[in-house]
Structures are given as structure tokens and as C-alpha cells.
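Since the structure is predicted, the reported quantities are computational estimates derived from the model, not experimental observations. For the single chain, residues carry numbers from 1 onward in sequence order.
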Amino acid sequence: ADQKGPGSEEHLEMILPELTPFCQYVRRYVLELEKDEEAVNWEFVAKELLSMTTIYDLGDEVGRQNLCRLVKDLLTSRKTPVTFISTLVTVFSKVEKNTQTRIYQVAEIISKLKDPMSCLGLLVATLQDPSITQLNNTLSTLLEEFVIISVQSELPAIRKEAITALACCCLRSVESARQHLPLLLHAAQMDVQEVRIAAIIAVVDLMMNHGLSSFITCLELDLSGGDYSVNPRRCADSVDIHRRATLTQSVLDTQGGNSVVAILTKILDEPDLELRTEVAEGLCKLLMIGDINSPKLLGRLLLIWYNPMTEPDSKLRHIQ
């Protein structure tokens, strides 16, 4: 079926079963088949079977409805591994083309699920769709009533996934990004390693997407015009990378970008290699796209590169 050639499509149509009986077969395979010691093979085959549904012509309305029902049933079943979520969401995006309708149905599925990790994974997978460019009412409700609460979970794995979900939401709303940036920065400084790394990645992604200037509200008096104007480049360049990386809402409101860069830069002093690497990579990205114009920060990164102590950290030195 993967080979392109004369008659390949006709041959594929000949060997493919009808969609409805195929959905019934996949349902039995995933939900009813007893797993043995070769569960890894079962998972591989099951995911491949699910992926095969995307090559069907969904003009068959009955088949399309059966496939839609299969996806929803698998997403809500406790027998479905979390690793299936991404594949199921991909299939669902083919079945339900209307983005708003799909988001609403995903929210309904989340309301039925009891496992926070599955819910968060489902939301993150759904928000990988580039056609979702802003938060509608449904996503805003999920953000405030589910994601933010999950960030406060006692379980690090749930907090990590919730941070990723929070970032996916904030990428689609600069207002939400500004509102929840303190929470992300707190996690980047104070949580366990896996959550801190997720938070650092989230902060950098938000800076890259919205621009550092979106988080800077320091105002410079324009003496010639008598009014105030934002000068984000000057704000970013005035970063004191040696000050203590602490953050309050008032500090963020008055010099947000400065605080973000200072906090990230402070992490470069920590002994954890993975944390240093993520921060160094993020700051380099911000420098490369011109969001930061700071000789002090550039000098700091160069010192890291030339420091003999970082020589064993091959990935960190490669980034520089």
C-alpha cells in the first residue's frame, strides 16, 4: 500500500475491508483481546490498526460514524493505554474536520475520564493541531478549571503534563501567557527536575511565540512627545544577570522581561546539567531571533562556553 505505482490505489481498495467491519475488528482487538507476555507487540499492532483507519475514504457516512464512536469509546476506556492517545487524536482529527466541534467533544471526553494524566495527554495532543490558533470558551474553561488545578497536583508526573498543557494553551493567548507566567517561573525554579525542565521549555516557547516585548511593560518617558512608549530592546538589554532571581507580580508587571531573563540566567549557576542545558538553549534561541539584545547575557554564555569546567558537558558546549 505504501508503494506508488500504476494500479496501486485500485489494489489498495481491493484488499481493504469495509470501514464498519474493520472498526469492529479494531474494537475487539484493543478492548477484548487478552494480552500475554508479548504486550509490546500487541500495542504496536493495535496502534498500526488505528493508523490504518486514516487511509479510508470517509465518504461512507455510516463507516465514519462507527469510526468516530470507536475513537471516543477507546479514549474513555480504562483498557486503552495512554500511549494510544496521540494516535487516536490524529484519527479523530480526520473524522471530525470542524475544529470547534472537535474541541467541544474532546472536552466532553475529558469530563468523563477520571485519570488526570490521560485527560492532560488528550488535551496536549489535541492542541498540537496548528489550526487551533486561539482559546475559545471551551478551552478557556478547561484551562482555568482543570489545567491550573492539575499544576498543583502532589504527583510530579501530573504536574509535568499539566505544565505542558498550560503552555499549549498560553501559546494561543498572550493574555493567558501573561497571567500564568509567574506560575511557570515558579515551577521552573522550585519544583523537581522533570517539572522544572518542562516549565523552562514552556517559558522559552512563550517568549519565542509572543515575543519578549509582550511580557515587558516598563515605560520610558518620551521627552519629545510627552507620552510613554515601550522600549523592549532597552529593557531587555538592561538585565542585571547577577541579581537574585526572585519574582513578585509587581516586579513582573513593571519589568517582566527583565525578570524572566534574570530567573533563567540564574539557573545557569545550578549544578544540574539538564537544567543548565535547557536554559542555555532557550537563551541562545532568544538571542538568535533578536528578542534579547544583551551584551551581558551574551558574555555570560561565552564564559560558559570557554569555561574548562563545562568541557565534559558536550551538549551544553555544542549549543553555545
Side-chain angles (χ1 to χ4, degrees), residues 1-4 8-9 11-35 39-133 135-136 138-139 142 146-147 161 164-165 168-169 171-172:
D2 292 334
Q3 296 179 349
K4 301 296 182 181
S8 60
E9 292 185 4
H11 180 68
L12 180 61
E13 291 180 0
M14 289 176 59
I15 62 175
L16 270 181
E18 294 292 329
L19 181 54
T20 294
F22 186 69
C23 287
Q24 295 170 348
Y25 175 77
V26 174
R27 180 186 297 273
R28 289 194 300 269
Y29 190 88
V30 176
L31 298 180
E32 300 176 13
L33 184 68
E34 291 188 7
K35 288 76 173 175
V40 175
N41 292 335
W42 168 85
E43 183 172 324
F44 172 79
V45 172
K47 291 172 73 173
E48 288 298 305
L49 290 172
L50 289 169
S51 296
M52 283 178 60
T53 62
T54 61
I55 66 177
Y56 276 87
D57 178 11
L58 298 180
D60 173 11
E61 183 60 24
V62 175
R64 191 192 73 84
Q65 291 179 2
N66 285 322
L67 179 56
C68 185
R69 190 177 303 111
L70 171 66
V71 170
K72 291 181 179 180
D73 288 347
L74 293 182
L75 284 172
T76 54
S77 173
R78 294 185 177 182
K79 295 183 178 180
T80 305
V82 176
T83 52
F84 283 27
I85 290 177
S86 179
T87 302
L88 288 168
V89 169
T90 299
V91 175
F92 195 32
S93 66
K94 302 289 184 182
V95 176
E96 182 51 73
K97 298 288 188 181
N98 186 292
T99 303
Q100 303 303 316
T101 302
R102 188 166 69 251
I103 291 173
Y104 179 76
Q105 293 185 42
V106 165
E108 285 188 325
I109 294 172
I110 288 176
S111 69
K112 297 176 182 178
L113 290 172
K114 301 299 182 182
D115 182 6
M117 277 292 283
S118 296
C119 295
L120 291 165
L122 175 55
L123 181 58
V124 170
T126 300
L127 290 175
Q128 300 308 304
D129 185 349
S131 67
I132 304 175
T133 58
L135 297 183
N136 60 14
T138 302
L139 288 174
L142 285 173
F146 170 58
V147 176
E161 195 71 15
T164 303
C168 289
C169 292
L171 284 171
R172 289 158 173 83

Closest non-hydrogen atom pair, [X] against [Y]:
X      : Y      : value
Ala125 : Ile85  : CB-CG2, 4.1 Å
Leu120 : Glu161 : CB-CG, 3.4 Å
Arg172 : Cys168 : NH1-O, 2.8 Å

How long is the straight-line distance from [atom2] of [Y] back to [atom1] of [X], given to the nearest 0.5 Å?
X      : Y      : atom1 : atom2 : answer
Leu58  : Cys68  : CG    : SG    : 10.5 Å
Thr53  : Leu70  : OG1   : CG    : 7.5 Å
Lys114 : Arg78  : NZ    : CZ    : 8.5 Å
Leu127 : Leu135 : CG    : CG    : 8.0 Å
Tyr104 : Leu139 : OH    : CG    : 13.5 Å
Leu74  : Thr87  : CG    : OG1   : 11.0 Å

Residues Arg64, Tyr56; criterion side-chain contact (heavy atoms from CB on, under 4.5 Å); working and verdict: CA-CA 9 Å; Arg64 191 192 73 84; Tyr56 276 87; over 6 Å; no

N/O donor-acceptor pair under 3.5 Å between Arg28 side chain and Leu33 backbone: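 No, Arg28 side chain to Leu33 backbone: no donor-acceptor pair under 3.5 Å.
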
Heavy-atom distance under 4.5 Å between the side chains of [X] and [Y], does that happen here?
X      : Y      : value
Thr80  : Leu88  : yes
Arg102 : Asp129 : yes
Thr138 : Asn136 : yes

Heavy atoms of other groups near Lys94 NZ, more than 12 under 6.0 Å: no

Neighbour count above 12 (heavy atom, 6.0 Å) for Phe44 CZ: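 Not more than 12 within 6.0 Å, no.
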
Trace of the side-chain contact (heavy atoms from CB on, under 4.5 Å) decision for Val30 with Trp42: CA-CA 9 Å; Val30 176; Trp42 168 85; 4.3 Å; yes

Only pairs under 3.5 Å count here: list side-chain donor-acceptor contacts from residues 16-27, not counting sequence neighbours, and write none if there are none.
{"residue": "Thr20", "atom": "OG1", "partner": "Asn66", "partner atom": "ND2", "Å": "2.9"}
{"residue": "Arg27", "atom": "NH1", "partner": "Asp73", "partner atom": "OD2", "Å": "2.8"}
{"residue": "Arg27", "atom": "NH2", "partner": "Asp73", "partner atom": "OD2", "Å": "3.2"}

Candidate pair Val106 and Val89, rule side-chain contact (heavy atoms from CB on, under 4.5 Å), full reasoning: CA-CA 9 Å; Val106 165; Val89 169; over 6 Å; no

Test side-chain contact (heavy atoms from CB on, under 4.5 Å) applied to Ile109 and Lys72, step by step: CA-CA 7 Å; Ile109 294 172; Lys72 291 181 179 180; 4.1 Å; yes

